[in-house]
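Letters go in sequence order (proteins before strands), and every chain restarts at 1.
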Amino acid sequence: MSIAVRNIGKSFGSFVALDNVSLEFPTGKLVALLGPSGCGKTTLLRIIAGLEYADRGEVILDGEDASDRHVRERQVGFVFQHYALFRHMSIFENVAFGLRVKPRSQRPPEREIRRRVMELLELVQLGWVADRYPAQLSGGQRQRIALARALAVGPRVLLLDEPFGALDAKVRKELRRWLRNLHDELHITSIFVTHDQDEAIELADQLVVMHKGKVEQTGTPREVYAAPATPFVYGFLGAVNEFRGSIDGDYLRVGTSALPIVGGDVARGQSAVAFARPHELEIITDGGSGQAGIGATIKRIVDIGSIARVELSGAACEEPHLYEVELPSQRLAELNLAAGQPVRLVSSRLRAFAQGERS
Amino acid sequence: MSTASSTAPWNRSARFTSNPAAREPGAIRWLVIGVALTFFAVFLLLPLLAVFAEALRKGWAAYLAAISAPDALSAMRLTLLAAAVAVPLNLVFGIAAAWAIAKHDFRGKNVLITLIDLPFSVSPVIAGLCYVLVFGAQGWFGPWLAAHGIKIVFAVPGIILATIFVTVPFIARELIPLMQAQGRDEEEAALVLGASGWQTFARVTLPNVKWGLLYGVILCNARAMGEFGAVSVVSGHIRGQTNTMPLQVEILYNEYSFAAAFAVASLLALLALVTLVVKTIIEWRAGAELRPDEAP
């Protein structure tokens, strides 16, 4: 089922949680709402579910305006960050709940309920815990049960609120992969909220990056990572080096040095901030090539695996600035770098934004 | 969550006593325990024993005669009636108030919370006087009530009203923190799964607070049966009609029928003991249910 929201606005007192948000969620895809805490992503999810009401705007489910529909009637599956399993019911009863509370005319017979619940428990690979209670399960198991419970009523969409937020790193990674596989099997339109960029990139078909109640950028993880639309997205998604200076033709002037710019449309003379990913910077050791690049001193070299990371402190800005460069181990060996060594940094790809745009 | 059991409240003390670094010297431990036990024995256990000893001083026959006297039986009936009305009413009110306060946001919530505590902060005698002022012969509604032949003060309705007033906080106070700690997640989950408001309440909210509720009912009942001050003011002490058990004890005592007074008092004391036992059982059951590894 398709989901769309139009011009959604929501304030809590004087705090604006959502500011005129309009989005389309494609059918059958897994979409991540990504942003720092307080950016309004959970509020948006809860508005779509009907657990929260928007001050303005519409929620459109399957082409019809569902803004005034009660949460019961929206047929959404919702998975809570802290699972929200019914603690006094067995796992079986938890999953069966949605079927048991149906009006008598729609309620399946007991045998059918039993069959359906066991099927779902098998789907989440937890058929053997049917008689246990939520408190007896681990966090990862509970979240899988929460998912089975949400799927029991045959929801048209699946909404997950920080589904892995309360789990430890290893379980989180496993569960992520598992959820992706499950989605590939079921193809149910799903939206999940997360503040973890790795999780969003790894799991989602589409990203929606949010910040301060607004949508900053939407697109596939690849698109968003490769071409961030705003300085915020640049900084939020992946590691990044930041340069501040003023635009001079095709160069960004940082103090006395200059860096060539690729992309961005900032007027000449304007002050700007520019970004380059760690792998988009290069280290030059021979000081002879004049003004190309900006000066920096090597602080630390982390050479593990095939990619080495070099941390440098830059001298070009007024205050000391830390840069991070990633390069193949082999290249590092060729350069023969040492801590304390003065070098120059040049960028293969630098995108500039006018200073005012920075948020 | 699986690590919660290691810091769970029920084995925190075990962790301390088994840890030599945290253990206090034996003398201090015994001193503290000794002080507590002595205090308990002198101020709580001794008076309780005295009640039963005095009640049975003249033998079982006298005891049975005292508690089966018509006035005593009438007092028992009235006490049971007051509790039978006050406890269910407060049950409904307590659940409704706790549900509203813990699970919803609305204007005037703090006022409601404060009002629930009022009976705790007001002396019961004042509460009784208020009823006299409102419903008494010289009170606001006195003339109107008299004209319609309704008697509230110095009659059974007044006693029931006073009992309700003093027992209002017990159930609500027990449930509010419990419901607040449980949050709204499970209710929201139930709603999303298609449950109606009533189904959510009956299948999710209520089962989650059942032990707290039972605990509140037990305490409420104990207080309803034991209330003296407020009831004393509105009762008028009409023997065989408006005397509850605590009032009957006072009357008998003032008439120097010590054995009879203590006999009736022993029944109240027994009620207190039963209450404590039930309360302990409830706490134990509720605790067992919380412990993951012992869940049924």
When you check the side-chain N and O atoms of [X] and [Y], is any donor under 3.5 Å from an acceptor?
{"X": "A:Thr194", "Y": "A:Glu199", "answer": "yes"}
{"X": "A:Asp161", "Y": "A:Thr42", "answer": "yes"}
{"X": "A:Thr43", "Y": "A:Glu52", "answer": "no"}

Counting only heavy atoms closer than 4.5 Å, note whether [X] contacts chain B via side chain, backbone, both or neither.
{"X": "A:Arg46", "result": "side chain"}
{"X": "A:Ala150", "result": "backbone"}
{"X": "A:Arg132", "result": "neither"}
{"X": "A:Leu159", "result": "neither"}
{"X": "A:Val153", "result": "side chain"}

Query raised in the report: Which is it for A:Glu110 and A:Arg100 under the salt bridge (charged side-chain N to carboxylate O under 4.0 Å, His left out) test, yes or no, and what are the steps along the way?
Result: CA-CA 9 Å; A:Glu110 183 61 32; A:Arg100 290 205 196 285; 2.9 Å; yes

Query - Intermediate values then yes/no, salt bridge (charged side-chain N to carboxylate O under 4.0 Å, His left out), A:Asp196 and A:Arg172 - result: CA-CA 11 Å; A:Asp196 181 338; A:Arg172 198 183 306 181; 3.6 Å; yes

I'd like to know whether [atom1] of [X] has more than 12 heavy-atom contacts from other residues, nucleotides or ligands below 6.0 angstrom.
{"X": "A:Lys173", "atom1": "NZ", "value": "no"}
{"X": "A:Arg6", "atom1": "CZ", "value": "no"}
{"X": "A:Phe12", "atom1": "CZ", "value": "yes"}

Query raised in the report: Side chain, backbone, both or neither: which part of B:Glu187 has a non-hydrogen atom closer than 4.5 Å to chain A?
Result: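 Neither part; nothing is under 4.5 Å.
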
Query raised in the report: Of the backbone (N, CA, C, O) and the side chain (C-beta and beyond), which part of B:Arg184 lies under 4.5 Å from a heavy atom of chain A, both, or neither?
Result: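 For B:Arg184, there is no contact with chain A at all, as no heavy atom is under 4.5 Å.
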
Kindly list each side-chain donor-acceptor pair under 3.5 angstrom involving residues 218-228 of chain B, sequence neighbours excluded, with atom names and distances?
unit_1	atom_1	unit_2	atom_2	d
B:Arg223	NE	B:Glu227	OE1	3.1
B:Arg223	NH2	B:Glu227	OE1	2.9
B:Glu227	OE2	B:Gly229	N	3.3
B:Glu227	OE2	B:Ala230	N	2.9

Query - When A:Phe97, A:Phe78, A:Phe86 are compared by non-hydrogen pairs under 4.5 Å with chain B, the top option - result: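 Looking at each option in turn, the highest pair count goes to A:Phe86.
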
Query raised in the report: Any residues in residues 117-129 of chain A near chain B, with a heavy-atom distance under 4.5 Å, and which are they?
Result: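 The stretch does not come within 4.5 Å of chain B.
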
Query raised in the report: Should A:Arg176 and A:Asp198 count as an ion pair when the cut-off is N to O under 4.0 Å?
Result: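 Looking at A:Asp198 together with A:Arg176, the answer is no, because their closest N to O distance does not fall below 4.0 Å.
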
